[in-house]
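Below is one structure, written out as C-alpha cells, with a few remarks after it.
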Amino acid sequence: MGQFGLVEDANPAAFGRLPDLAIGLPLPVEKTHRERMSRYLSLCSRTENPIPGAVFVRAGAESSCRHPCRGARIVLHAYGDEPLVLLHLTPTNLEGRLRLLTERLNDVRRVMQERKRREIEMQALLTERSRLRSCPSMRWKFGVELERPSVRRPEVELL
C-alpha cells in the first residue's frame, strides 16, 4: 500500500484471495468499512511492528468477506525509499485446511484423557487395597489372606 491507500504491488496469493484487487487502485474494501480501513492503514503506517486487523472486501454484488491481516510500515528501496504499508493476509480457515491434523490432535487428546482417568481409578483402587490390608477386621470380611510375618528363631546349640 502506498500513499493514499493505493495498491503498489501484490503477490499471486493476494490476487487469488482478493479478486477485485488492482495495482494502482485502492483496496476493494466494503463501503461500510472504508473509514475503519483508512484508520487501520494510518495506524499501520506509524509502526514497524505488525498490527493485527481485518480487511472487509467486496465478494460479489451484495456481500463482503472478512480477511484477517497484519499490517506494518516498511521501506523498500525498489519502491523509491518511500514508506509503504505491508499487509499480510493471514489464513482464514486454517483448521479447515488442516482438518486431518486437527482430527488426529483431538484423538490424541481423547486417548490422553482416558489414560489419565484410568490412572486416577487405579490409584484409588491401590489406596483402597492398602487400606484393606492394614485393617485386620476388613481382611476377614473381604477374604484377604493374612500375610504371615517371617519369624526368626534363635539358633540353639545342641550338646
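Quick caveat: nothing in here was measured; it's all calculated off a predicted structure. For reference, positions follow the sequence shown, starting with 1.
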Checklist entry - What residues, two or more places apart in sequence or in another chain, satisfy salt bridge (charged side-chain N to carboxylate O under 4.0 Å, His left out) together with Arg36? => result none

Checklist entry - Does any non-hydrogen side-chain atom of Leu25 lie less than 4.5 Å from one of Val7? => result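 They are not in side-chain contact.
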
Under 3.5 Å, which donor-acceptor pairs do the side chains of residues 107-114 form with other protein atoms, sequence neighbours left out?
| unit_1 | atom_1 | unit_2 | atom_2 | d |
| --- | --- | --- | --- | --- |
| Asp107 | OD1 | Arg110 | NH2 | 2.3 |
| Arg109 | NH1 | Asn106 | OD1 | 3.0 |
| Glu114 | OE1 | Arg117 | NE | 3.3 |
| Glu114 | OE1 | Arg117 | NH2 | 3.3 |
| Glu114 | OE2 | Arg117 | NH2 | 2.3 |
| Glu114 | OE2 | Arg118 | NE | 3.1 |

Are the side chain of [X] and the backbone N or O of [Y] linked by a donor-acceptor pair below 3.5 Å?
X: Ser38; Y: Arg34; value: no
X: Tyr40; Y: Ile51; value: yes
X: Ser130; Y: Thr127; value: yes

Measure across [X] and [Y] and return the closest heavy-atom pair with its distance rounded to 0.1 Å.
X: Cys69; Y: Ala54; answer: SG-N, 3.9 Å
X: Asp9; Y: Ile23; answer: CA-CD1, 3.5 Å
X: Pro50; Y: Pro52; answer: O-CD, 3.9 Å
X: Val85; Y: Cys44; answer: CG1-CB, 3.7 Å

How far does [atom1] of [X] sit from [atom2] of [Y], to the nearest 0.5 angstrom?
X: Leu76; Y: Leu86; atom1: CG; atom2: CG; result: 7.5 Å
X: Leu87; Y: His67; atom1: CG; atom2: NE2; result: 12.0 Å
X: Ile120; Y: Leu125; atom1: CD1; atom2: CG; result: 12.0 Å
X: Arg129; Y: Met122; atom1: CZ; atom2: CE; result: 9.5 Å
X: Ile74; Y: Glu82; atom1: CD1; atom2: CD; result: 13.0 Å
X: Arg131; Y: Leu126; atom1: CZ; atom2: CG; result: 12.5 Å

Next on the checklist: According to ring-ring contact (aromatic ring centres under 6.0 Å, His included), who are the partners of Phe56, at least two apart in sequence or on a separate chain?
Outcome noted: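 Once residues adjacent in sequence are excluded, the partners of Phe56 under the ring-ring contact (aromatic ring centres under 6.0 Å, His included) criterion are His33.
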
Checklist entry - Does the distance from a Lys or Arg side-chain N to an Asp or Glu carboxylate O, for Glu35 and Arg39, drop under 4.0 Å? => result yes

